[in-house]
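Here is the structure we will look at.
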Amino acid sequence: MFRKTTLFTTLLAGSLSVLGPALRADDDAQRARESVNAGYFVPLETLIKHARSRHPGRVVEVELEDDEYEIEILRGDGTKVELEYDARTGELLEEEAGD
């Protein structure tokens, strides 16, 4: 009995650790929606539009970290650009281009 319980607990813990990033992403999305609806955050669409006007290309990743949005764009020339915005004010805080 001990072995089955231990195995089940190990499998369950492993499953939860795999789901962890997805669950956090859902929490971030929910927090962003609630913050926009309450008027605390600038709508993400506004920031993406601004980022794409500066760097035309395909948005490949968006993250909400604390109260900052990180938007990553893959430009037509293959360069990735990451722009960080204050989610509350919409201010562009940092812009970094890489390979």
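Throughout, residue positions are numbered sequentially from 1 according to the sequence presented. All values below were derived from every heavy atom in this structure, side-chain atoms included, with hydrogens, water molecules and symmetry-related copies excluded.
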Checklist entry - Is there side-chain contact between His50 and Tyr85, with at least one heavy-atom pair below 4.5 Å? => result yes
Next on the checklist: Are Phe41 and Asp67 packed together at the side-chain level, in the sense that at least one heavy-atom pair is separated by less than 4.5 angstrom?
Outcome noted: yes
Next on the checklist: Under 4.5 Å between side-chain heavy atoms, counting indirect links through other Ile/Leu/Val/Met/Phe/Trp/Tyr residues: same cluster for Tyr40 and Leu47 or not?
Outcome noted: yes
Item to check | Within-4.5 Å side-chain heavy-atom neighbours: Arg54 and Leu83 | outcome: yes
Next on the checklist: So Arg31 and Leu64, do their side chains get closer than 4.5 Å, heavy atoms only?
Outcome noted: yes
Checklist entry - Hey, are the side chains of Leu93 and Glu91 touching, using non-hydrogen atoms and a 4.5 Å cut-off? => result yes
Checklist entry - About how many Å separate CD of Glu94 and CD of Glu84, when rounded to the nearest 0.5 Å? => result 4.5 Å
Item to check | Stepwise side-chain contact (heavy atoms from CB on, under 4.5 Å) test for Glu72 and Val59 | outcome: CA-CA 6 Å; Glu72 188 174 297; Val59 175; over 6 Å; no
Next on the checklist: Working note: Glu95 + His55, criterion side-chain contact (heavy atoms from CB on, under 4.5 Å); need CA distance, chi angles, decisive distance, verdict.
Outcome noted: CA-CA 10 Å; Glu95 187 172 338; His55 298 281; 2.4 Å; yes
Checklist outcome for this item: Nearest heavy-atom approach of Thr79 to Ala97 is CG2-CB, 4.2 Å
Item to check | Closest heavy-atom pair and its distance - Pro43, Val36 | outcome: CA-CG2, 4.0 Å
Next on the checklist: Are Val42 and Thr89 packed together at the side-chain level, in the sense that at least one heavy-atom pair is separated by less than 4.5 angstrom?
Outcome noted: no
Item to check | Note, Lys80 side chain near Ile73 side chain (heavy atom, < 4.5 Å) | outcome: no
Checklist entry - Glu96 versus Val81: any side-chain heavy-atom pair under 4.5 Å? => result no
